[in-house]
Amino acid sequence: MSATKKLWVGLGILLAASFAVLLWVGTEIHRVMPPIPEAVVTTQGDVVYTRSDIETGRQVWQSIGGHQLGSIWGHGSYVAPDWTADWLHKEAVAWLDIRSRAVAGVDYADLEVGLQAAEAARLKPVIRENTFDEAAGVITIAPERAEAIAVVTDHYVRLFTDDPDFEELRKAYAMKNGTIADPEHARQLTAFVWWTAWSAVTERPGQAISYTANWPHDPLVGNTPAANLMLWSVFSVLFLIAGIGLLGWWYATQREESPDTLPAIDPLSQIKVTPSMRATAKYFWVVMALFLLQILLGALTAHYQVEGHDFYGIALSEILPYSLTRSWHTQLAILWIATAWLGMGLYIGPAISGIEPKFQRLGVNALWVCLIIIVVGAFTGQWFAVMQKMGLEHNFWFGHQGWEYVDIGRFWQWFLFIGLGLWLFLVGRTLVPAIRMGGEHKSITALLFLSTVAIGLFYGAGLMYGEHTHLSMVEYWRWWVVHLWVEGFFEVFATAVIAFLFTKLGLLRASTATVAVLFATIVFMAGGVLGTLHHLYFTGTPTAVIAIGASFSALEVVPLAFIGAEAYHTWRHAGATPWMARYKWPILFFVAVAFWNLVGAGLFGFLINPPLPLYYMQGLNLTPLHGHTALFGVYGFLGIGLMLFCLRGIKPHVVWNEKLLSTAFWALNIGLVGMAVMTLLPMGIIQLVNAIEHGYWYARSEHLMQSPLIQMLVWMRVPGDTIFSVGAVTLAWFVMRLWIAPKSIQAPVEGGATEQA
């Protein structure tokens, strides 16, 4: 059996085993997820909440933006509190105040230290006791706890509606006045938030840890790290070291073989650009438009962290509240990057096979129209939802689902899934003939096609849950989309495309590239599939999730340890022959991808991946530190690099303005560094110290986030964001100039390169 066949067999076995385990974990999550009671009643028989209250409350939470307005179980946005941690601490304090007044006639904070410790010690076993009666479906609580719940409920109802006494707090949380229009809906929201807090502190039957593995950290209620978090964090480091050692050994035994002679002229210039390939240009116009809009919304979203309701004195939150601008900002990040890759797929298919199927251009144009309709329709629905103009009945299908990155209405999700099916059909009908023809590129083309299939189908994981599916299962399927779809199969697709380009350019032997791509895919997917579980440590899942997630998410970092070698080889290709100057900037963007893979995905990713660090860091600004540097630094730069390759083919005789590309490249990189180092990293460290010392609730509270030091760090984003914006505008102007008054190449010169006017 050849080396290539062995790698294909190994990849098949790996994927089959990994997904079998991932599906088994899903069944375990369903089996042990926190129960939703039919009713919450006091020992005296008074009903506090019903199941309907909890489920309707979740619908209300989703309709106002859900994850885009604070977080639940640590997942969501970062300006407003984590509502789970906030409720849990407020309820505990209210309960202690009630007891303290009854015993000593003063609030808990005014008791002597010894008496405080005694009262807290009495509270812990009571608040952590699991009183859920499975047969009756009822949670029974003490009257004092019901009284504490009523205190926190009053606080939340006044906060989420338009009580003027809470306006300053709403500004601190970047919540618009009247976030929830109906007071009854606000009360029902508290039922859902209370249930998430109950799950976070109530011990599992027969175990000494809560349903969320004692997350969030709050010593007042006995939520401290479980022993297994330290155990599996140590194992994750051991897996990382072992993986790096094995991969280093493999690299040491390999020798990259370059072709004996390089082509005299650019091989890609010989590819005939078909009508459908030329029609992909409009995808890249949309890429730049969405990118610029995302940056504009990002600036507005960041500014709300300072003024809360206003944008330099303008009451903009009345029409564009924080939860909406952040919804659009995060969604646009996925959309413009995905559009760049979709356009690349439609361009590269006919380039590989040399075949232009009938009506291919019509299909490309139709898909582009569908993408525009989806963006406009989905964003319009979200505006009506967040502004409370849609109602709960239609919100799930046409409004705001509330789940970060997959928060467009279900109708638009189905529309996008069907659109991806059309994309799969259009790309597949050009790649399959190339696979059938065989040749030295067969394996790379086959891997490219399979990744296309995965991209088309795996978005469907976001359709596996319904409006009332349990929160733990929603998170399970949501991360299939966010992690596997975005971070998994798109990466395989890009790896295969880059390998094809380099072999087509004559810079690598096809046999060498095939083995390298298959091996890289195996290494990445070995950690990538089961590494999905590191997002699910504290979402009401069994301890098996922590064990498997910690072990395999460490392997995700392994290939990134050798990313410097990849960057070196990529950069070396840029000067391999004179005509490679045509591809200098696409290759430089690939070098940037390698750098940010190491820093954003590797360094900052592993910082928060092990269970014990994530226990304290989840939902702090160290999370967007990883998110921004990995999502844009890796996938954004990769999308731009692929786009530039396509534009070189679509406009082969147009002079590229090197100064514009240089400005764009360096401004985007320097701006991203500024954002990370001057704001997100120091803010995250400050929050981490407070989360360890005082509790997670305090690290996300208005007391810390509105402190002068944090506010100064927010303002320190301005230089980096400004430089980044200059890079984006410059890149957009470069793309526009390819069509608006372009300069043409004048004459060929020696070696097949061309002299640019």
Side-chain angles (χ1 to χ4, degrees), residues 29-58 72-73 83-100 102-103 108 118-154 156 187-224 226 470-472 538-543 697:
I29 293 174
H30 187 271
R31 185 176 64 84
V32 303
M33 58 194 183
I36 301 176
E38 296 300 321
V40 179
V41 301
T42 68
T43 53
Q44 298 174 343
D46 297 324
V47 176
V48 180
Y49 292 127
T50 65
R51 185 187 186 98
S52 176
D53 288 332
I54 296 171
E55 292 184 343
T56 303
R58 194 182 92 173
I72 291 289
W73 286 351
W83 302 113
T84 301
D86 184 70
W87 180 288
L88 179 58
H89 191 78
K90 280 184 168 60
E91 182 186 330
V93 171
W95 198 349
L96 288 169
D97 281 342
I98 292 167
R99 285 189 52 84
S100 299
V103 172
Y108 173 73
E119 289 300 324
R122 292 188 183 95
L123 169 68
K124 289 175 186 177
V126 178
I127 198 171
R128 299 182 65 83
E129 182 184 4
N130 194 333
T131 61
F132 175 67
D133 184 336
E134 187 174 358
V138 171
I139 295 174
T140 304
I141 62 175
E144 293 84 358
R145 186 171 189 179
E147 189 176 344
I149 289 172
V151 171
V152 187
T153 296
D154 178 68
Y156 269 56
R187 186 197 68 81
Q188 291 170 317
L189 170 70
T190 68
F192 168 65
V193 176
W194 176 84
W195 174 81
T196 68
W198 176 86
S199 304
V201 74
T202 301
E203 294 182 350
R204 289 182 178 276
Q207 299 184 39
I209 60 171
S210 73
Y211 286 102
T212 59
N214 283 1
W215 187 94
H217 179 233
D218 192 341
L220 184 64
V221 296
N223 266 12
T224 54
H470 193 284
L471 181 59
S472 297
F538 313 118
T539 57
T541 53
T543 53
W697 66 274

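Residue indices begin at 1 and follow the sequence shown.
- Side-chain contact between Ile141 and Val40 is present, with at least one heavy-atom pair separated by less than 4.5 Å.
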Residues Arg99, Val126; criterion side-chain contact (heavy atoms from CB on, under 4.5 Å); working and verdict | CA-CA 13 Å; Arg99 285 189 52 84; Val126 178; over 6 Å; no
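- Taking every heavy atom of both residues into account, Glu119 and Val103 meet most closely at OE2-CG2, 4.3 Å.
- Here the straight-line distance linking atom CG of Asp133 with atom CD1 of Ile139 works out to 10.5 Å at 0.5 Å rounding.
- A donor-acceptor pair under 3.5 Å is absent between the side-chain atoms of His470 and the main chain of Pro35, judged by distance alone.
- Panel note: side chain Arg204, backbone Val32; a donor-acceptor pair is recorded below 3.5 Å.
- At least one donor-acceptor pair under 3.5 Å links the side chain of Asn223 to the backbone N or O of Ala200.
- Closest approach of Gly222 and Asn214 over heavy atoms only: O-ND2, 4.3 Å.
- Not one N or O on the side chain of Thr541 forms a donor-acceptor pair closer than 3.5 Å with the backbone of Ile29.
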Walk me through it: do Trp87 and Ile149 pass the test side-chain contact (heavy atoms from CB on, under 4.5 Å)?
-> CA-CA 9 Å; Trp87 180 288; Ile149 289 172; 4.0 Å; yes
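- Close placement of the Tyr211 and Trp198 rings is indicated, their centers lying within 6.0 Å of each other.
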Criterion side-chain contact (heavy atoms from CB on, under 4.5 Å) on Val151 and Thr153, from CA distance to verdict = CA-CA 5 Å; Val151 171; Thr153 296; over 6 Å; no
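- Once rounded to the nearest 0.5 Å, the distance linking CZ of Arg58 with CD1 of Ile36 reads 7.0 Å.
- A donor atom on one side chain and an acceptor atom on the other are found under 3.5 Å apart for Thr50 and Asp53.
- Shortest non-hydrogen contact noted between Thr212 and Gly540 is CG2-N, 4.0 Å.
- For the atom pair Trp194 CH2 and Ile54 CD1, the distance stands at 6.5 Å (nearest 0.5 Å).
- Nearest heavy-atom pair across Ala120 and Tyr108 is CB-OH, 3.9 Å.
- Contact of the Phe132 side chain with the Pro37 side chain is registered, since non-hydrogen atoms from C-beta on lie closer than 4.5 Å.
- Judged by distance alone, with hydrogens and angles left aside, the side-chain atoms of Arg145 form no donor-acceptor pair with the main-chain N or O of Trp95 at under 3.5 Å.
- With values rounded to the nearest 0.5 angstrom, Trp73 atom CH2 is found 7.5 Å from Thr196 atom OG1.
- In this structure, the separation between CZ on Phe538 and OG on Ser472 is 13.5 Å, given to the nearest 0.5 Å.
- With hydrogens and angles disregarded, no donor-acceptor distance shorter than 3.5 Å links the side chain of Asn130 to the backbone of Thr202.
- Here the OG1-CG distance, from Thr84 to Asp218, works out to 12.0 Å after rounding to the nearest 0.5 Å.
- What you find for Ala94 and Val152 is that their closest heavy atoms are CB-CG2, 4.5 Å.
- The two residues Ile72 and Leu471 make their nearest non-hydrogen contact at CG2-CD2, 3.9 Å.
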Hey, mind stepping through Ile209 and Thr543 against side-chain contact (heavy atoms from CB on, under 4.5 Å) and telling me if it holds?
-> CA-CA 10 Å; Ile209 60 171; Thr543 53; 4.0 Å; yes
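- Looking only at distances, no side-chain donor or acceptor of Asp46 sits under 3.5 Å from a matching main-chain atom of Thr42.
- Taking the six-membered ring for Trp and the full ring otherwise, the centers of Trp83 and Trp195 sit at least 6.0 Å from each other.
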